[in-house]
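Throughout, residue positions are numbered sequentially from 1 according to the sequence presented.
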Amino acid sequence: MATGGGWAPARSVERHGAPRGGGTRSKSVAPGLRRPSPSPARSRAATDNGGSADSCRVRVAVRLRPNNSEDLAHGSDFDSCVELQPESKRLKLKKNNWSCESYKFDEVFSENASQKRVYEVVAKPVVESVLEGYNGTVMAYGQTGTGKTYTVGRLGKDDPSERGIMVRALEHILSSMSFETDRVAISYLQLYLESVQDLLAPEKTNIPIVEDAKTGEVSLPGAAIVEIKDLEHVFHLLQIGEANRHAANTKMNTESSRSHAILIIHLQRSSRIKEEKSSLSNDMHDIFPDDLPLVLKSKLLIVDLAGSERIDKSGSEGHMIEEAKFINLSLTSLGKCINALAENSPHIPTRDSKLTRIFRDSFGGTARTSLVVTIGPSSRHYSETSSTIMFGQRAMKVVNTIKLKEEVDYKILYKKMEREVDQLTSEMERQQKLIKSEKMQLDKKLKESEGSFHDLRMTSNIRIENLEKEKCELESTVKTLMRDLEEERGQKNMLSEQIAELEKLLDENKQQQQLENLSRTKVLTDTTKEHEKKMEELLRQLQEERHCSSSLKDRMSILQQELCDAQSSTQLQESMARELEKKLTEVTEEFTCQVQSLKEKISELISEKEVIYKELKSTQEKVQQEMWQRQGLEDQILRLKQSTSDNFAEESKTSDCMVRTGSGLGNATFVSKSGKIREALSGQRGTISKIFEEVGLPNVLALLKSEDLDVQIHAVKVVANLAAEDINQEKIVEEGGLDALLSLLETSENTTIYRVTAGAVANLAMNGSNQGVIMNKGGARLLANVASKTEDPQTLRMVAGAIANLCGNEKLHLMLKQDGGIKALLGMVRSGHADVIPQIARGIANFAKCESRVISQGHRKGRSLLIEDGVLTWMVANSTRFSASTRRHIELAFCHLAQNEDNTCDIIASGGIKELLRISRESPRDDARNLAKKALDSNPAFLREVQ
């Protein structure tokens, strides 16, 4: 079973008017149980199937019960007080034989009228109106035992002709709806002893009645809402409800109903079906485009009222008298409301009974209402019959202004948007896969090009190196040949000189030989011939050398040609390498451009998806916003400004009660507070607790984001006072209160906001489970930042108190130091204020105590984190300057630091031995003296310093 007051959230679009049919347009707004404000949505004139001028009034029919055995026993055939005139729709009520009164109704049913005819005249027009989107009510009213339950609630499972209005209405609705697009569900309730109970879920009692202050609609949250599909299911549920309904045996009725039964039928239909049956104006189509899914949501109430009775006639006893009292009281309240509406009274007493609150929309509201009053023929019950007829006459004067309620089906719209988003997402994924494959191919081509280029470059480098080596070898060979040629030239020149000298000597010798000795001519001739032979041989050698030199020159020219060819080949390879580099650069640029364009397309798709999600989210947020509640809360907060401001002076003096320790230190301060201060705080917290109960924590937290600074400040004060109670602390964190407070610390520049927000955080930090959350969300960093920006002593006191509470958790010490909490705590000493210093000392004592416990248990070793930030030096220098309570905190912190042997050198260097001796002798606290003596006795270094 689904519980709740409605189905999927939707935007309400109301249209004034009635279902299709002829009639005149009605512009007057009828008086009602609550006069709703005009709807800004499209409207149509309210008309009725009859088309008369009273088209929107409550329609009333009267039904006469046949004589029962009791009437026959008293001779009712001869003693009837009722005369029917069905053809003129009139009824005569005879008081006696000479006095009678005539009344006109919308319909008069005789005792022989069938259940089918009663349904078609009374309920069918209302059911058809409900099927077209209007709210409706069908009600039976009358004296006990006159056939109300028979008319309305008869099941007739075995005999269809006996079925009452409830079964016939549900049968009509089920046959007219399409289960593919439409939904129908029911709730079955009873009003018993002024308590709304669920007949389908008997464990649900005292169900609240909630009225929408904006629309005037009445809902019953918590009531079971069961969706139905067929008539068998309907019979099953109605049988369960009848079995759970209270009934009793009285003198006037063997099965007298002791409670008012209310069957609520919830309908939701697609608006497009109705648009096919009726034409709307162009301006309506402009307001509601065709692609916007609309639904018609309507509600039908079928009510079987318990009968009014007199105790002397019904014979009720014991608990039945109490039941009869509540029945008569609720019916009397309903009669008063009908009288007030019929007389256009300025005050409608709807608050007198839960019955009138439930029927707020049925009489004088926006529902089409039909009433069937049941009476008996016997004159013994003349007064009850007359009262019933007068109730019906007054009800006929009540006029309703019916409205068509058309809503946007955000569930269908959400599914449609979700499908579009899925399509876009799949398309984007497909594009990404395509881009990825193309990128992989391009990367592969690029790697292949780089590999071929690298191979070509390596080959070119190898060839160039080989050519360079050959060039060097050729150059060395040419140099050798040139050197040999030069040597041969030198030898040739030397031989030429020798030949010239020999020729000269020869001439001289010839002359001398001719003159001196002819005898020696032969010898000289022989010598000359020998010399000529030598000269010829030398000349031949010279020719050979010249030939060898020319061959070497040819070889050198060939080598130079080969060198030129090798250089040209190298240049060609270098040009090819440059062309490959150019092509590679072009391919790389083209690939980069393609990747960039693909990235742009992806970013565009992502931005489109984000826009769609944002639009969807904003649409849902607009539906869920309840600005009227927030405005009401702000008004309540503003009304409490005066009382809060009067108590704020005492609050600032006693806010140490808000900033309690998380480790048990400093509790003596709270015990010593005066009785008047406690009474003031108790009264203030009582007022705030009352606001909290009436308004609700989520709405109070919503005011933390108000644009009005005064409202924001008072909202933080309310949260701070709520956080002072242990039972509220986890709720505030779970509802997002801590996030809102930390956001104020980060964004606000107002000193008052800093002060009260730090106090609220300090109260939340009293809870051990909240301390880790505060640290993980950067709370210590934000508190340290506030401490560095303000000089206000009260703000610094709140900040120091919050950090002091966090110091009481040994698991957070390292994080607290890293976030600057210890430095901020020590930095606030600059204020020198008497309220700030005790909080600083308490925080240091909490830190030292928890750190000493962790070190003694062996979970951590090493020098104290406090000493690293200079806390020890400050404690030694200021241990005797402040008040007694502050000195006790400092002494206790100093003694805990002395228990850690890793701190020994720092304590000795800072002169802390004298302070330990003083504490062991003069401290007023036994625990401090004992700790100081323990540290001095157990540490050999301390003993040596003392000696």
Side-chain angles (χ1 to χ4, degrees), residues 6-7 10 12-30 32-36 38-39 41-52 54-59 106 119 122-139 165 169-170 172-173 176-177 182-186 212 215-219 263-280 284 288 294-303 358-371 398-407 409:
W7 297 327
S12 176
V13 180
E14 294 183 346
R15 298 192 298 180
H16 296 271
R20 292 179 291 110
T24 59
R25 185 182 299 269
S26 174
K27 294 185 179 179
S28 62
V29 178
L33 298 185
R34 182 184 183 276
R35 290 161 174 79
S39 171
R42 48 183 176 171
S43 64
R44 290 186 295 180
T47 60
D48 186 74
N49 291 342
S52 59
D54 55 349
S55 57
C56 291
R57 67 172 174 81
V58 176
R59 301 186 67 81
D106 293 305
Y119 170 75
V122 175
K124 186 175 181 180
V126 179
V127 173
E128 290 178 346
S129 175
V130 170
L131 286 170
E132 294 190 357
Y134 301 89
N135 290 340
T137 303
V138 179
M139 184 185 303
I165 291 175
L170 285 168
H172 185 178
I173 291 170
S176 303
M177 297 186 68
D182 304 338
R183 295 177 64 193
V184 58
I186 66 170
D212 193 328
T215 63
E217 292 187 0
V218 177
S219 61
L263 179 66
I264 305 175
I265 304 174
H266 305 271
L267 278 81
Q268 179 173 305
R269 307 190 69 193
S270 174
S271 182
R272 297 304 172 203
I273 297 175
K274 179 166 181 63
E275 296 299 336
E276 293 173 0
K277 297 179 181 179
S278 63
S279 59
L280 298 176
M284 293 180 185
F288 301 95
L294 301 178
V295 292
L296 297 174
K297 295 184 72 174
S298 56
K299 182 170 61 177
L300 173 62
L301 273 67
I302 302 178
V303 185
I358 295 174
F359 295 155
R360 192 168 192 148
D361 196 44
S362 302
F363 292 100
T366 61
R368 179 181 290 277
T369 302
S370 287
L371 173 66
V398 177
V399 180
N400 293 349
T401 303
I402 61 176
K403 294 180 181 179
L404 178 67
K405 186 176 181 183
E406 211 169 38
E407 299 180 348
D409 192 345

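Under the 3.5 Å distance criterion, the side-chain polar atoms of Asn135 are left unmatched by any main-chain donor or acceptor of Thr366. Between the side chain of Asn400 and the main chain of Ala367, a donor-acceptor pair closer than 3.5 Å is present. One N or O on the side chain of Ser370 and one on the backbone of Val122 form a donor-acceptor pair closer than 3.5 Å.
Here the shortest heavy-atom pairing between Val58 and Ser362 reads CG2-O, 4.4 Å. A pairwise comparison of heavy atoms in Met177 and Gln268 identifies CE-O, 4.1 Å as the closest pair. Pairing each heavy atom of Ile302 with each of Ala169, the nearest pair is CD1-CB, 3.8 Å. Among all heavy-atom pairs drawn from Leu404 and Glu132, the shortest one is CD1-O, 3.0 Å. Listed here is the closest heavy atom pair of Arg368 and Pro125: CD-O, 4.2 Å.
Residue Arg57 is tested with Val398, Asp106, Thr369 for a side chain to side chain contact (heavy atoms under 4.5 Å, CB included); the sole match is Asp106.
Residues Thr137 and Val126 form no side-chain contact, since every pair of their non-hydrogen atoms from C-beta on lies 4.5 Å or further apart. The shortest side-chain heavy-atom distance between Ser298 and Tyr134 does not fall under the 4.5 Å cut-off. For the pair Leu267/Ile173, a side-chain contact is recorded, criterion being any heavy-atom separation below 4.5 Å from C-beta on. Val127 has its side chain within reach of Tyr119: a pair of non-hydrogen atoms, C-beta onward, lies under 4.5 Å apart.
Side chains of Asp212 and Ser219: a donor-acceptor N/O pair is absent below 3.5 angstrom, by distance only.
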**Request:** Please step through side-chain contact (heavy atoms from CB on, under 4.5 Å) for the pair Ile265 and Leu170, ending with a clear verdict.
**Result:** CA-CA 8 Å; Ile265 304 174; Leu170 285 168; 3.5 Å; yes
**Prompt:** Could you walk me through whether Lys299 and Val130 pass the side-chain contact (heavy atoms from CB on, under 4.5 Å) check?
**Reply:** CA-CA 7 Å; Lys299 182 170 61 177; Val130 170; over 6 Å; no
**Asked** Would Leu131 and His172 count as a side-chain contact (heavy atoms from CB on, under 4.5 Å) if you check the C-alpha gap in whole Å, the side-chain angles of each, and the deciding distance to 0.1 Å?
**Response** CA-CA 10 Å; Leu131 286 170; His172 185 178; 4.2 Å; yes
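In this structure, Asp361 does not pair ionically with Lys403, as no charged nitrogen and carboxylate oxygen lie closer than 4.0 Å.
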